[in-house]
J.: 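One structure follows; several queries about it will come next.
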Amino acid sequence: MTAPSAARVALVTGAAGGLGSAIVERFSADGYTVERADQIRPGGAEDMRAHVCDVRDPRAWEGLAATLAARHGQIDAVVHAAGWYRPNLPFAELSPDLWHDHLAANLHSAYLACRFLFPLLSRHGSVVLFSSTLASRPTPLSLAYSVAKAGVETLVRGLAAEAGAKGQRINAIAPGPVDTPMLRGNALGAEGAAALMARLEARVPAGRLVTREEVAALAAYLCSPAAAMVNGAVIPLDGGQGI
């Protein structure tokens with residue numbers, strides 16, 4: 001293992017997505033050296049900071065952790081933004097395979113991130129996972145996703161004491177609907193993206209959806225010294241939708 005690098009190092013998963021790319025941009029602006037991982041390479045073949053990682057696969061995490069250890073020695077922040085959600089799925093259509101796919105992409109991947117990256121985390125390092133407002137307010141069409149995200153919240157609370165004893169922290173962000181290309185792509189054909197956005201915005205007291213930049217700013221705060229006493233928290237970011 002090499003000596004720790006002078007610059008702060010962050011890993012962002014789901015880095016090729018709308019939310020992940022905003023987090024990468026924010027952490028880069030804050031002065032981090034940002035390693036980026038996604039199921040599809042989040043950069044050109046020559047980009048040494050871009051990694052292909054199937055977050056459901058322990059072998060992929062093991063290889064990524066080995067690469068980061070050899071390159072940096074330790075890392076200071078992990079933001080696990082990768083995940084998957086198939087919307088509008090009634091329970092009668094929720095096959096065992098689809099149930100497993102939701103848990104693998106959202107809960108099992110969070111476990112793997114912690115299992116392989118906590119050993120690399122610096123003394124005051126921070127891990128940020130993603131839950132959802134659907135974890136506490138599930139709908140009939142989101143059951144598998146809601147259960148997976150509720151599991152993420154339990155994982156955060158369960159690991160916080162162990163992490164805190166080492167000077168490290170783990171927290172989760174629970175966003176409401178975030179205006180991303182993936183969300184717009186979830187629109188039903190007869191409804192259209194504009195109608196979906198209007199329907200979702202009407203549920204938020206603030207009258208709009210959360211932006212990717214607001215999520216990235218909260219992740220950056222949770223990884224900063226200003227959040228040194230924030231550990232084991234699940235922070236809603238929904239414009240008051242949960243009131």
Side-chain angles (χ1 to χ4, degrees), residues 14 17-20 22-23 55 79-96 98-111 113-114 127-160 170-188 191-219 221-222 230-243:
L19 183 57
I23 295 170
V55 296
V79 184
H80 180 49
W84 179 74
Y85 173 40
R86 177 176 169 182
N88 306 308
L89 188 67
F91 185 73
E93 298 176 15
L94 183 56
S95 68
L98 281 172
W99 173 268
H100 177 270
D101 288 346
H102 279 86
L103 267 64
N106 297 292
L107 177 55
H108 186 56
S109 71
Y111 154 74
C114 296
V127 173
V128 176
L129 303 180
F130 275 83
S131 181
S132 166
T133 54
L134 289 172
S136 56
R137 297 192 302 278
T139 71
L141 301 181
S142 69
L143 185 59
Y145 183 78
S146 298
V147 168
K149 291 302 187 180
V152 169
E153 295 187 2
T154 300
L155 179 66
V156 165
R157 295 184 178 111
L159 286 175
I170 179 169
N171 296 286
I173 299 172
V178 181
D179 190 356
T180 63
M182 184 177 72
L183 179 64
R184 291 176 178 268
N186 286 341
L188 295 174
E191 180 178 35
L196 172 64
M197 295 298 108
R199 178 165 58 85
L200 293 175
E201 287 169 355
R203 300 175 181 173
V204 183
R208 65 173 179 83
L209 301 188
V210 178
T211 68
R212 296 178 295 167
E213 291 75 19
E214 288 167 332
V215 177
L218 180 53
Y221 164 72
L222 289 172
V230 183
N231 185 29
V234 177
I235 302 178
L237 184 62
D238 63 1
Q241 184 180 2
I243 295 173

J.: Specify whether W84 and H102 have parallel, tilted or perpendicular ring planes, treating 30° as the upper limit for parallel and 60° as the lower limit for perpendicular.
T.: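 Ring orientation, 0 to 90° scale: tilted.
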J.: Can you find a pair of side-chain heavy atoms, one from P140 and one from F91, that are under 4.5 Å apart?
T.: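 Side-chain contact under 4.5 Å: no.
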J.: Mind checking what makes side chain to side chain contact (heavy atoms under 4.5 Å, CB included) contact with A150, not counting sequence neighbours?
T.: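 With neighbours one apart ignored, the set is A135.
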J.: Output all residues satisfying side-chain hydrogen bond (donor to acceptor under 3.5 Å, both in side chains) with S95, sequence neighbours left out; order by chain, then residue number.
T.: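 In terms of side-chain hydrogen bond (donor to acceptor under 3.5 Å, both in side chains), with neighbours along the sequence ignored, S95 is linked to no residue.
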J.: Between V204 and G239, which heavy-atom pair has the shortest distance, and what is it?
T.: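 Smallest interatomic distance, heavy atoms only, reads CG1-O, 3.6 Å.
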J.: Rounded at 0.5 Å granularity, tell me how far OH in Y85 sits from OG in S146.
T.: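 Those atoms lie 7.0 Å apart.
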J.: Kindly indicate whether the side chain of R86, heavy atoms from C-beta on, has any atom under 4.5 Å from the side chain of L98.
T.: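 A side-chain contact exists here, since the closest heavy-atom pair is under 4.5 Å.
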J.: Specify the closest pair of heavy atoms between G14 and A82, including all atoms of both residues, with the distance to one decimal.
T.: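 Closest approach of G14 to A82: N-CB, 3.7 Å.
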J.: Between P236 and I173, is any pair of side-chain heavy atoms under 4.5 Å apart?
T.: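 SC-SC contact between P236 and I173 ruled out.
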J.: Taking all non-hydrogen atoms of both residues, which atom of A144 and which atom of L94 are closest, and how far apart?
T.: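 Heavy-atom minimum between the residues: CB-CD1, 3.9 Å.
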J.: Closest heavy-atom contact between V156 and A233?
T.: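 Residues V156 and A233, closest heavy atoms: CG1-O, 4.0 Å.
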J.: Mind checking the CG-OG spacing from L129 to S109? Nearest 0.5 Å is all I need.
T.: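 Reported to 0.5 Å precision, the distance equals 8.5 Å.
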J.: Check whether any side-chain heavy atom of L141 sits under 4.5 Å from a side-chain heavy atom of P90, and report yes or no.
T.: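 Of all side-chain heavy-atom pairs linking P90 with L141, at least one is under 4.5 Å.
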J.: Evaluate the side-chain proximity of T133 to P175: yes if any heavy-atom separation is below 4.5 Å, no if none is.
T.: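 P175 vs T133: side chains apart.
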J.: Using only atom types and a distance under 3.5 Å, with no angle test, would you say the side chain of N231 pairs donor to acceptor with the backbone of A160?
T.: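 Yes.
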J.: Using 0.5 Å steps for rounding, measure from the CG atom of L222 to the CD1 atom of I170.
T.: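 Rounded to the nearest 0.5 Å, the CG-CD1 separation comes out at 11.0 Å.
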J.: Could you tell me whether R203 and D238 make a salt bridge, using a distance below 4.0 angstrom between a side-chain N and a carboxylate O?
T.: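 Not counted as a salt bridge, because no side-chain N and carboxylate O are separated by less than 4.0 Å.
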J.: Answer yes or no: is there an ion pair linking E153 with K149, defined by an N-O contact shorter than 4.0 Å?
T.: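 Answer for the salt bridge query: no.
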J.: Within a strict 4.5 Å, meaning less than it, do heavy atoms of the N171 and I235 side chains meet?
T.: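 Of all side-chain heavy-atom pairs linking I235 with N171, none is under 4.5 Å.
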J.: Would you please name every residue forming a salt bridge (charged side-chain N to carboxylate O under 4.0 Å, His left out) with E214, sequence neighbours left out?
T.: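 Partners of E214 under the salt bridge (charged side-chain N to carboxylate O under 4.0 Å, His left out) test: R208.
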J.: F130 vs V215, test: side chain to side chain contact (heavy atoms under 4.5 Å, CB included). Steps then yes/no.
T.: CA-CA 10 Å; F130 275 83; V215 177; 3.5 Å; yes
J.: Taking the side chain as everything from C-beta on, heavy atoms only, tell me whether V178 gets closer than 4.5 Å to R212.
T.: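 They are in side-chain contact.
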J.: Please name the pair of heavy atoms, one in I23 and one in A81, separated by the smallest distance, quoted to 0.1 Å.
T.: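 Closest pair (atom of I23, atom of A81, distance): CD1-CB, 4.0 Å.
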